[in-house]
Trainee: 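Okay, here's the structure, questions in a sec.
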Amino acid sequence: MKKNLFIMLLVIISAIGLSGCGNSKKVTKIDGKYNIVATTTMIADLVKIIGGDSVSVQGLMGPGVDPHLYKASAGDVSLMQNADMVIYNGLHLEGKMGEIFQNINDNEKLVIKISSGINEENLIISEDDLHDPHIWFNVLLWKDAAKVVKDGLIELDNMNEETYTNNYEEYMVELDELHEYVKSRVDELPEDKRILITAHDAFEYFGSTYGFKVKGLQGISTASEAGTGDVRELADFIVEHEIGAIFIESSVPKKNVEALQEAVEARDFQVEIGGELFSDSLGSEGTEAETYIGTVKSNVNTIIDALK
Ligand SMILES: [Zn+2]
């Protein structure tokens with residue numbers, strides 16, 4: 001009997017020790033909610049869905065903001081320093097913020113890189129030998145990202161493990177449905193018409209997952225400008241393949257795509273601007289594209305309707 005009591009005590013003590021361990025980092029709850037900072041709109045959306053009512057999510061970048069070029073302000077840095085957890089994409093998406101994450105990480109804060117949960121063999125290597133960071137356009141990879149967020153939230157707050165797990169599982173079903181929706185819309189388009197030309201190379205994961213040939217006027221980062229050679233080459237390609245539409249992106253100035261359209265016209269061929277795609281940021285609040293699911297649907301609808 002005494003022995004049992006002793007074991008029970010040990011179990012209780014170690015349980016307290018364990019839960020204490022998970023929360024050894026300084027926690028600054030706001031209105032009883034964990035205070036989480038996410039970089040992009042896609043990640044903020046994901047954390048809100050998995051975290052539900054237990055978290056307060058602050059996104060650094062708003063709709064239409066280009067993460068490749070985004071520089072953190074002093075206010076952003078202090079938001080991150082005061083957060084319970086910081087979540088970012090990685091793979092150089094937040095190209096000007098790498099050092100900041102490193103510094104905050106050194107500070108023993110929970111810093112989560114969602115791309116760390118994606119199997120390397122599923123990552124696309126771009127022409128400049130870097131991993132392509134635009135993982136969210138393969139809906140199946142975004143499921144992996146959701147798992148990283150769920151695991152991070154449980155590490156921060158294991159008391160609510162069940163809530164996070166339930167939210168995650170419900171979202172998995174929605175993402176599976178989304179994946180099927182994209183495939184069914186793509187099926188409407190004859191294979192030889194599945195060519196997607198946009199402002200920058202954000203859609204390679206979309207292309208490889210759903211069977212599109214993809215060309216971006218700028219590379220995988222918008223940090224490098226498109227040259228006149230790129231415009232000429234792509235204009236020839238459009239004429240040769242009689243492509244009916246090209247697309248602007250909400251987070252990239254449209255002037256390059258318009259220059260491409262003019263170059264095509266100069267070759268006596270008409271290509272229309274098929275609409276605006278949401279590439280590196282979700283749409284504005286109050287629009288269909290304000291969520292990740294809405295953005296993916298809006299994009300595939302815009303693409304298929306314009307190319308059909
Ligand atoms: Zn991009």
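Just so you know, ligand 1 is whichever comes first in the structure, and atom 1 is the first atom listed for that ligand.
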Trainee: Listing by chain and number, which protein N, O or S atoms are under 2.8 Å from the Zn ion (ligand 1)?
Mentor: H68 NE2, H134 NE2, H200 NE2, D280 OD2
Trainee: Please verify the inter-ring angle class for F206 with F212; under 30° counts as parallel, over 60° as perpendicular, anything in between as tilted.
Mentor: tilted
Trainee: Would you say the side-chain atoms of T222 and D66 include a donor-acceptor pair closer than 3.5 Å?
Mentor: yes
Trainee: Taking the side chain from N299 and the backbone from L277, do they hold a donor-acceptor pair closer than 3.5 Å?
Mentor: no
Trainee: Without hydrogens or angle criteria, can the side chains of D201 and H134 be said to hold a donor-acceptor pair below 3.5 Å?
Mentor: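 No, H134 and D201 have no side-chain donor paired with an acceptor closer than 3.5 Å.
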Trainee: Not counting sequence neighbours, which residues clear side chain to side chain donor-acceptor pair (under 3.5 Å) with N166? List them please.
Mentor: none
Trainee: Does E94 use its side chain to pair, donor to acceptor, with the backbone of G90 at less than 3.5 Å?
Mentor: yes
